[in-house]
Structure formats: C-alpha cells, structure tokens
Amino acid sequence: MPFEKVESSPDFPAMERHVLKFWAEDGTFEKRKALNAGKPKWSFLDGPITANNPMGVHHAWGRTYKDAYNRYFAMTGRELRYQNGFDCQGLWVEVEVEKELQLKSKRDIENLVPGNVEASIDKFVQACKDRVNTFARVQTDQSIRLGMWMDWDKTDEDWAKSPDDRKSYFTMAERNNFAIWSFLKKCFAKKLIYRGYDVMPWCGRCGVGISEQEMKEGYKLVEHRACFVKLPLLDKPGENLLVWTTTPWTLTSNVGAAINPKLAYLKVKLKNEVYYLAKGVFKQDRMASSSGDDEQPEAQAPGKKSKREWLDGVPNLNTIEQMFKSKAGKGESYEIVGEVKGEEMLGWRYAGPFDDLPAQQSEYGFPEEVAKIVKQNGWCPAVTGAAAHRVVSGGDDVSESEGTGIVHTAPGCGGIDFAWGKANGLPPVAPIGDDGCFHKGFGSLESKNAADPATADVVFEELKKKDRLFGIERYVHRYPHCWRCKTELLYRLVDEWFIGMGTWECGVRSAECGVEDKKEEYSFRREIAKVVEKVTFLPESLNGRARELDWLKNMGDWMISKKRYWGLALPIWVDEKDPTDFEVIGSREELKERAVEGWQEFDGHTPHRPWVDKIVLKNPRTGNRMFRIPDVGNPWLDAGIVAYSTLPADWRPADFITESFPGQFRNWFYALLALSTMMSDGEVPPFKTLLGFATCKDQFGHDMHKSAGNSIEFNKAADEGGEIKDPKGATIPFNAIGADVMRWLYCRQNPASNLLFGPKPADEVRAKFHLKLWNCYSFFVNYAIADGFDPTAEQVPVKERPDIDRWILSDLQGLIRTARESFESFDVMRFALVAEEFVDSKLSNWYVRRNRDRFWSRNAELDAAGLKDKLAAYQTMHAVLTTLCRLIAPCVPFLAEVLWKNLRCTADPESVHLVDYPSVDESLIDQQLSDDTEALLNLVTQGGAARNAAKQKVRQPLAELRVFSDAEPVKRALARFAETLQDELNIKRVIASAEPILTAAVKLNMKTAGAKIGAKRKDVDAALKAITAEELAKQFRTGPVDLGGVVLDSADLSVEYVAPDGWAGVADRGTQVAIDARITPELRAEGLSRDVIRFVQENRKKARLELSDKIVLHVATTSNELSDVIDTHKDAIMAAVQAVELVAGQFELASVFGAIKLEVGELTIGIRKADG
RNA sequence: GCGGGUAUAGCUCAGUUGGCUAGAGCGCAGCUCUGAUAAAGCUGAGGUCCUUGGUUCGAAUCCAAGUACCCGCACCA
C-alpha cells in the first residue's frame, strides 16, 4: 500500500514538529548541501539578528524570505553558504544586562566588584557575552522551528566553541572585530579619523553620546517649560535684552546673545525698563506653524493656516505683545520707544543670568578639561564666561520664527551655540557630567540632573531672586530622546571620534549638474554613492536607491565612539601627553608588534575591554607612551563589516540580502555599503540585490508593543497559542498558528506594505490555502488507497487523457513558469497569490469537483476504457499534487514535505527538499484548451447568475441556456464543453446564439441626472422611449445628448440588459447568457424527484449507513402530484439512493424516519437497511 | 520647511499602455449542494474611485492645485 490514510482535520503544528524530527534524524539538510556542493554559487548574506531576546513574530517575516529564497536557489541547483548571523555587541545588550543585574548607572557597573573598576568591567562584559550566547541559542532553536535551513550550532559542543569557530557568525567574534580594525586603519590612512569636540546629544542615563543615526529614532512630542529672561545691558542702564529658551538649565552656562544683523529690533518700554526684541516676533501668532521665512509678514496667505503640533491640555501660547500687556497691569500698557537694526547691537555687553557661579569665573571655559582643549586649539582668548557676555551675530540662523529673535547662547550646551562661540571667541561653559548632572561649580544646582523638571524650578527661583525672570510658559515641541531607554537627551560638550565622510559636491553628480570634479579631494561619501549605483533596491516602489542617496547627501560625519563597555574596542591609541597625537592599529598582529606593555595580560583574551585596555604602545615620534581610548565602537560597524568578515572572497559580493527597511537606509544598508566601499576601494558592492520589507503590525493595524499586550511571541504563534488584546483592551485568545501558516502569510504579503499579523489573518490564510490544498490531497489519497492506485504504473499518454486532465496539466505549466519568474525576481508574493488561485479555483473548485465520479466509480463496473480513464485521473492528480509540493516547498516546507512523503514513489528522494524545482514542460501546454476552459468557467459563473436572476435553484432542471458572444474561446467552449455546462447548470440544452439575446434598456441614473432633469422628467422619459439603446450609445460617442430638452451625459444613464419574457439573463464583457426560466410539467416533476432523492440521502446519512448499504425505502405523501412524481421517477430515485425496494407506507418496518414539507405537500419517508 | 508615497466597498487590498457595466478576500445577508461532509459552492447588498479644475470621443488611470494620512530628510534657541 503506497499511501497512508490522511486525516481530514490536520493538526499542522504537530505535523511540523514531526517533520523537524524527520529532517534531524534523516540529515536531510546535510544531504541537500552534499547534492549542491561544487555547483554554481548563490551567495546570501544574512543581516545579523540582535541576540538579546527571544524572537517575535516580526522577526519571522524576514527569516521566511531568507529561507524561502535560499530553498528556491537550492532546489534549482546552486551551492549556498547557509550562514546565519548574530549581532552581539552594543548598548542594547548592556541595557538588558543592567536590568538583569539591577544596575542603575555607569557608576554601578564600574562598582560591580566593589572598589575594582577593571574587574567590574570584566564581569560586566562577561555577563554581556553570556546573555548573547543564551539568546543566540534561543533564537537558533526558534529559527529551526520556523523551518529555516541554516548551518546551525545545535549541540552543547557547538556552543562551547568560541564564536569564531561556530557555524553561525557572531559580530563579537575576533574575526569580526579585527576586520573592523583593518577598516578603521584604512580610514586612518586616508586621514578620515578625527577626534571631535562638539556639542552632541547625550543620554545621561546610558552615559553615551547619541549619533545622528540614533537620534532620528527618538524624537517625541513633549512639553517643557520655556522661559523669557532679562539680560541687562551693562552700558545702557535700565535696558535689557529679552531672550527665550526651552532648556532653562543651560542659562547657567550662558555666554553670549546672538542676533541677526539684518533684522529690525524693537525697544519696548514697560514700567520704566526697556526690552529689546525682534520686531517680527512681537505680535506674531505663535501657534501658527513656523512658516519658514518671513518676507511677507502682513500678506495673508489664504488657506494656509496650519497649526503647529501641540499636546492636548497644554494652553495655547500667548503672543509676546499679550505678555507685555498683562505684565503692564490694569489700565497700563507698554510703549514702543524705538527701533534699531540688529547690526547696531553687535558687541553690546550685558550681565549674564548666573555670573555669580564659580563656573563662570574660569578662563577659556569650564570645566578644566574643556578649558585646556579650548586653549590648546585657540578657540577663544583668555576670558571667563562672565566677562565674555556680549551680543554676537548668529547670522540667518537667528530667525523670527520662534523666541524673541535674540538667542541665548551657551557654547557648552548647544550645537550651533558651540559654533557661534568658536566664531566669536566665546568660552564654552559645560555644565553637566556624563551622568547628566551638574558639575561642581554651579552652586545650588550642583549634582542636580539637568533633565529633571525640579531642576528647572531651581533655575526659575534663582532667576526670580535676581529679577531676571520675565515669564514662564508651557511649551510643546519635538525633542530627542534616547532610542533605547527613552530618557530625554541633553546637549553636552563631548569629545568623540568620527569618520569624516567628505563633501557631496566634489564630483559625484558632476555629470548631472556640471560641478567640477575636485579629483584631488577624497570624499568617502561620494565613493559610497558610486557603489550605491551598482546595486538593485527592491521593491521598486520604495525607491530605495533614492533614499540611500538622500541619506548619503545629508548625513554628517560618522560618530563611531561610545563611552561604554561592551563592544568593539576602538583601536585608537593616544599619546599620553598630546591628545591630538593618535594612531589606529589595524590588526592583532600589528598590535602585538607595537605593544610595549600589557601583551602578556591581553594574550588569550578577546579584543574587548578591559583586557585590550592594558596594551600600551610607544609613540615613535615622541617616545611617549600611548594608551587606548576607553571608547567602544558604534555597533553598526559590527554589522557593516560582515560582507567582508564573514563572506569569503569567492562569495563576494552577496547576491541577495533582505531586511526590514525602516531605518536601515541609514543603519545596516548604509554601514554595509560604507564598509565595503572602503574595504574594496570602491570596487565591490556588498550585495547585488536588496529586498526591503515594511513593518509587522497587529491585526488591527497598530504597532505591536509588549506593554499594549498586542505583540505575539514566536513560540506562542508557532506552538503554544496565547492571547492578544484588541485596541479596546479586550482579550482575544488564539490557538497555535504554526510555522507554515505564518510563512505563507509572509510570502503572500506585499513587502512594500505593512503586514497585519494575528490569529484572524492566520485563520483566513489557512482556510484559503492550507486547508484547500489539504482537502484536495486527502480526497486524492483516500480514494487512491481504496482503489489501490499505483503511482508507478505505466502512464496513460497525456494525449489520450480527457480535456480536463490536459487542461489542468497545461495550466500547471503556467504556474511553474510564474513560480520561477517570481523567485528569480525576488517577488515571491506574485507566486503565492497565483498559487492560491490555482489551488482554489482550478484544482479544488473545478478539477476535483468535476472529477469526483471518476474517482469513486467502481473498478468492477468499469470496462477497459473506463479503467484507463480512471487511471488517467489518478495520474493527472498525482502529477499536479507532487508538482505543487515542489513548487510551494520553499514557502511552506513542512506542508510540502508531509504531502511529498505520502505521495512520492519509492524511487523518488525521501524529501521534497532533495528534489529539483519543477521546470516547465512545453509539451504539456495547450494554450487553446486553457483559454477555452477559462471561458467555460466564466460561462458557469454567468449561468449561475442567470439562474439566480430566474430565481431557480440548481436542483430544478431547466430547458435551455443560450449564449451569445464574439469571443472565440467562448464559442469554442460552447461547442466543446456543452455537456459539462448542461451538467453543471442542470440544463437540458445549451445553444450558441448567433444574435444578441438580451435587449439593452437604458435607465436614468437619478443620482446624477436628477438635478439636471428637475421638472422635465416626463419629457425625458418620452425621449428615452423613442430612441433605441444602440442609437443612444452612438450619440453619446460625440458628447452629451439632448433628451427631451435636457442635456445629459452618459453618466446620467445606466444600461440594464433585459431578457425576453420567460427568460432570465446576464451580460458580461460582450458575452450574454440567458436561461429559459419556464418550467414544464416534466421539468417540475424531475425537480421534485430530485427533492425526494436529496431528502432520502440526508436520512441515509443520519442513519449512518455505509456507502455500499442497500435500503428499503418507505414513502408516503399528502400530495397527489408528488405521489405521481415518485411513481414516474421510481427507477431513478431507487438507483440514486440504492433502494432495492420501494414501499408505500408501512413505516412500522423502517428504522429511520423523516418528514419534510415541500411546496407541493408533505413527504414522509422511512428507511430500513436491506438484508444481505 | 523640503522631498517621496498613498487615498478605490464596513475592513484589508487588486485594478496592466487611458476603453465598454470598477474587482477580490474577509465581514454581513440570503441561498445551494450533500459520496471531499466539522468540507465545498453560489448570489446579493454595500462605491462621490479624497476634492476641484484640466487634457481627451472617453479618466480610478494622465496633468495641475488643494486636503488627509504615511515615509524619508531638515529644523527644533
């Protein structure tokens, strides 16, 4: 017996676990690898998954693509690497470990081993490594469960190996870290590495600078308290500058006040004091969206009143004028006493708001380290902050769109402030340390956290005491937050390390915009852009290349340092006495060669902190010792190098990568491109094709959040089941979805759109695809078993098989072609949708349904031709199912395997994944047959619609169906498949009509025409009656038509097709189908007899009779007509229900009874199983 | 603010180079079939194809302006 019986309601997750066991025991994956060894390479590069937590279902989307394309290319005979990657290093792991160990700050980390910083860091780094190993293993198991075929590390032995020796790649591996060193060395050789002192966003909790890339992920709309502050002018008693800030804590570090020399400034007098502020801001509606640039201050731009983003519950902003009015008090007012040009104000000295602080008394700025660097770089003369206060020019960066037009400038607290400071010789006062708290030297603010609202209160109190506070308001704006821990960022003067990206202008677009190529000047940015031109971004609709170029054009220099612990040790060693003298080491060997101290201790450790910090070099220029900077690297370096560190040279560039695209054009895609560009000197891109895909949302379209209860863990989706919350918070439980249902959901999704994941879409997809296919399969197998079908029996030549067999084989070739084209163009969605259509409309709803009697016919009752026909049906269906298995195997490897294992012949490979992907067999394509059958299927649908129009159920036979059509396939289908059509629609005759059957009737579309017609309705109706539909249509071709004095266009009319009396019909695209709805007494009788049969069958089922059981049928009816019908159709009824005897009444002998009310009267039946 | 995308049924989305009566799935309503049967099928209701203007014999489709949402970039004193 070649086939095993098939369950009608399968437990897919259980089956999948079974298949996994088989693959493991059989070594199927290894067999596939062996099969393809030495064949042409197909190089896939896995984007590393962060090994920091268990997988969620959103990870499974990308991993399904990865596996499906890998499997397709394996089945088409390519050699693959099958290497999965884990992203290991970086702050996200540190944050989780901090939570685990309940650490709150960097100080806690450095005190893990009390009093021993080095041992503490070692312990912390080890904990990070352990966490990565733990979750890499969890994710490995989960990926295996998803059906992903990769070279996995499975055993304890595998996991005991160093990351360098495992099968998956790990970004924490030495290979990876040292590869980045060599990259940085190349950058250094091109003089791109530099140390930057700049004001950068900083996370006080994590104690790290936030790079441009990271900052973009953390903007949030928040409320702050902004304040207006008086800055008294030293040489103009009673006069003040008025400045505004949203970050009161920075006032402590005020050094300058910036104006725009081109603007006009008002002198506003209020209660004997004069305030300066920009003219344009005084009466400005501050709730209007900042409308770029002024120019036409009064001119009302109509319809352009966009309101600025605001939070509910925060009062609208007052105009500055209003503030002056209300401060003036009852009956009083302000007075405008003059106007000055901005440039006249330059150089005015003023008293700062916090000049009493020690920090303001330090020459070259504060604190000392900063002052030192400022002095060394000559950024300002030897002045203190307090002594430096004056009005400087901010140029056009000072605008009238916000604030007062005079900008409080704290070069230690803001990016542009720092630049203005350097330009004007103002010393930077940097108030906060790496924990976000005030340094010593800031009086009552010392050690207060700058982000804490209570700190602002202290500032306001101080200002009030000094009478410097003009006003406080609640202000809403978008402000950056730490993308990891959500803490508000602070701008802080830091020294970080950067890769200079060069300018965009020098040459990249020279061809386009005629910019002269300054060939001497190297631009990293430009080099990357050239490489970007060499790769393909999919899906096309996302314009990936344009996005990447846009980022390249606009990005700043790349900040690569992080003041943290767990990560790439930046291989930068600095002279102990000269912070500007540094070197970059490019390899472990070079390090060993150059080390003068610490090698012994370092040797045997990975290049991580704290061990690598022990290495000391000697500066060949000065003879001084050089120490490694304590910084670790930006983790995108880790992921960006993998095209080099993990792909061997003969596998480069990768043919394909795929990742979720939001954010990645500036993260992974960018890093890959950047590092490959440098490593290959602009020659080799990291990949040829990139497939991006969107974001996974819940089934209601909302973002998945653990806290909202709508995210789904992978294990729950795969095996365990669980529950989710809907947007209203109601709990929805769900059963295990299983891997293949998920995988199909992902495969059929448009990658450019967000995917809605959840039990509901899963159920839909299962019902639509998996269960339909399963039904076809189980139908086939269960009959094949009963009939003893032998798939290895000699094939009935395809030419000798009936149309329906040759049709489905022909259409199957079309599906194969689509499948291959789709996979080759990385468009698996196209294949999936066509495959669904094939299974549903073609296989299940037509082939299987139309062929049921071929399968259930009895061998004993068949002649030679009958047996051959039956064999043809089995062979056709077997071919279709086995081919389908292979076609869908890359997408749903489990389902395909289950089907294959039962359907395959003994000579076939034991796994579908060891078989070649199907190729189109041209000899099986019969285009005309495919077209004709499609026409037939349309006729069936239309015939059904006509029946509906006639209000006649299919059980009632009807006399005639007429079809009129110009289309050749329809005409041929009518000739060829008349019998099928008769049977399908329960019609006695099908006739092809040479002339239209239906008459077009034109009706008014009162929705649109009503208003035009108004009172002339009668005239229009008359005009309509007087003209034929054909004539009307002709007139409409040249424009609107005058009907009864009303000019109508074609949209005002609608056409309905009307069948002749006694008929019902429908029309669709040039094909008219009409059905004779008149029921003759004979037809009526036949219909009634079918009612009787149906009712008996229902009762047979109730009586649980076997298919082969014969019965004795008892009948009684109140209707003479029905009684006659039963008499006339006695033979047909008895044959259909397998009755050996028909008895009137005598129900006492029957075992099952039923009674039903038909339209003609009541029918009562009884059934008794016949003896023998 | 700049650039890109999207807008089609209650929901999720198709809709080719402009072309005849705008489609599918789900949901809803009704019905059918009863030897795939805890399956299957059919039909229906439901559309201002975002708005306005233009091109055209003809626009969901092309053009312009506007509106809303999404994405990217910039700014955020």
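Order of the sequence lines sets the chain letters (A, B, ...), proteins ahead of strands, with each chain counted from 1. These figures come from a predicted structure and were not determined experimentally.
- Of the listed nucleotides (B/C26, B/A36, B/A77), B/A77 has the atom at the smallest distance from the side chain of A/His408.
- Rounded to whole angstrom, the span from the CG atom of A/Leu881 across to the C1' atom of B/A36 amounts to 13 Å.
- Separating the P atom of B/U6 from that of B/C31 is a span of 43 Å, rounded to the nearest Å.
- Phosphate contact (OP1/OP2 of B/A39, side-chain N/O of A/Arg849, threshold under 4.0 Å): absent.
- Between A/Pro662 and A/Thr695, the closest heavy-atom pair is CG-OG1, 3.4 Å.
- Stems are defined here as 3 or more consecutive Watson-Crick or G-U wobble pairs with pairing distances under 3.5 Å; those involving RNA chain B are B:1-7 with B:67-73, B:10-13 with B:23-26, B:28-32 with B:40-44, B:50-54 with B:62-66.
- Between B/C63 and B/U56, the distance separating the two P atoms is 16 Å to the nearest Å.
- For A/Phe855 and A/Phe779, the ring centers are positioned less than 6.0 Å apart.
- Straight-line distance between the P atoms of B/C28 and B/G19: roughly 35 Å, to the nearest whole Å.
- Residue contacts for A/Ser844: at a heavy-atom cut-off of 4.0 Å it reaches a base atom on one of the strands shown.
- Neither OP1 nor OP2 of B/A40 sits under 4.0 Å from any side-chain N or O of A/Lys768.
- Atom CG in A/Asp11 sits about 15 Å away from atom C1' in B/A38, given to the nearest Å.
- Put simply, the side chain of A/Trp420 never gets that close to the backbone of A/Ala410: no donor and acceptor are under 3.5 Å apart.
- The distance between atom CG of A/Asp787 and atom P of B/A36, rounded to the nearest whole Å, is 14 Å.
- You'll find that the side chain of A/Val398 is closest to B/A77, out of B/A77, B/C71, B/A36.
- A heavy atom lying under 4.0 Å from RNA chain B marks none of the residues of residues 409-418 of chain A.
- Both A/Glu764 and A/Asn775 sit near RNA chain B, but only A/Glu764 has its closest nucleotide nearer the 5' end.
- Side-chain nitrogen and oxygen atoms of A/Asn750 include none within less than 4.0 Å of the OP1 or OP2 phosphate oxygen of B/U12.
- Side-chain proximity of A/Ser399 to the nucleotides B/A77, B/C71, B/A39 is greatest for B/A77.
- Whole-Å rounding puts the A/Asn845 CG to B/U37 P distance at 16 Å.
- Ring geometry, A/Phe769 versus A/Trp744: the interplanar angle falls under 30°, so the pair is classed parallel (tilted spans 30 to 60°).
- At whole-Å resolution of the value, CG in A/Leu843 and P in B/A40 are 14 Å apart.
- Below 30°, between 30° and 60°, or above 60°: for A/Tyr479 and A/His477 the angle between ring planes is between 30° and 60°, a tilted geometry.
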Requested in this report: Apply ring pair (Phe, Tyr, Trp, His ring centres under 6.0 Å) to A/Tyr475 and A/Trp244, showing your working.
Outcome: CA-CA 11 Å; A/Tyr475 188 78; A/Trp244 174 82; 4.9 Å; yes

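- Comparing B/A39, B/C26, B/C73 against the side chain of A/Lys760 picks out B/C26 as the nearest.
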Report task. Go through the steps for A/Asp763 and A/Arg766 under the test salt bridge (charged side-chain N to carboxylate O under 4.0 Å, His left out), then give the verdict. Result -> CA-CA 5 Å; A/Asp763 288 345; A/Arg766 188 188 299 106; 2.9 Å; yes

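- With P as the reference atom, B/G44 and B/A22 are 14 Å apart, rounded to whole Å.
- For A/Arg748 and A/Glu836, the salt-bridge test passes: some basic side-chain N is under 4.0 Å from an acidic carboxylate O.
- No donor-acceptor pair closer than 3.5 Å links the side chain of A/Asn851 to the backbone N or O of A/Asp853.
- Contact annotation: A/Thr246 reaches the phosphate of B/A77 (side-chain N/O to OP1 or OP2, under 4.0 Å).
- Comparing the C1' positions of B/U17 and B/C62 gives a spacing of 12 Å, expressed to the nearest Å.
- Comparing B/G41, B/A77, B/U12 against the side chain of A/Leu756 picks out B/U12 as the nearest.
- B/A9 and B/A14 are spaced 12 Å apart, taking the P atom of each and rounding to whole Å.
- At a threshold of 4.0 Å, the pair A/Asp840-A/Lys768 does not count as salt-bridged, since none of the basic side-chain nitrogens sits closer than that to a carboxylate oxygen.
- A distance of about 15 Å separates the C1' atoms of B/U37 and B/U32, rounded to the whole Å.
- Mapping A/Pro662 and A/Val848 onto RNA chain B by nearest heavy atom places A/Val848 at the nucleotide closer to the 5' end.
- B/G5 atom C1' lies 14 Å from atom CG of A/Asp550, rounded to whole Å.
- Salt bridge status for A/Glu821 with A/Arg830: present, with a side-chain N to carboxylate O gap under 4.0 Å.
- Side-chain atoms of A/Tyr783 lie closest to B/A36 of the nucleotides B/A74, B/A36, B/A77.
- Regarding A/Asp840, its CG atom lies at a distance of 6 Å from the P atom of B/G41, rounded to whole Å.
- Comparing B/G35, B/A77, B/G41 against the side chain of A/Thr247 picks out B/A77 as the nearest.
- Taking the P atoms as reference points, B/G25 lies 14 Å from B/A40, given to the whole Å.
- No side-chain donor-acceptor contact under 3.5 Å links A/Asp396 to the backbone of A/Asn260.
- In this structure, CG of A/Asn754 is placed 15 Å from P of B/A7, rounded to the nearest angstrom.
- Contact check, A/Arg852 against B/A36: a side-chain N or O comes under 4.0 Å of OP1 or OP2.
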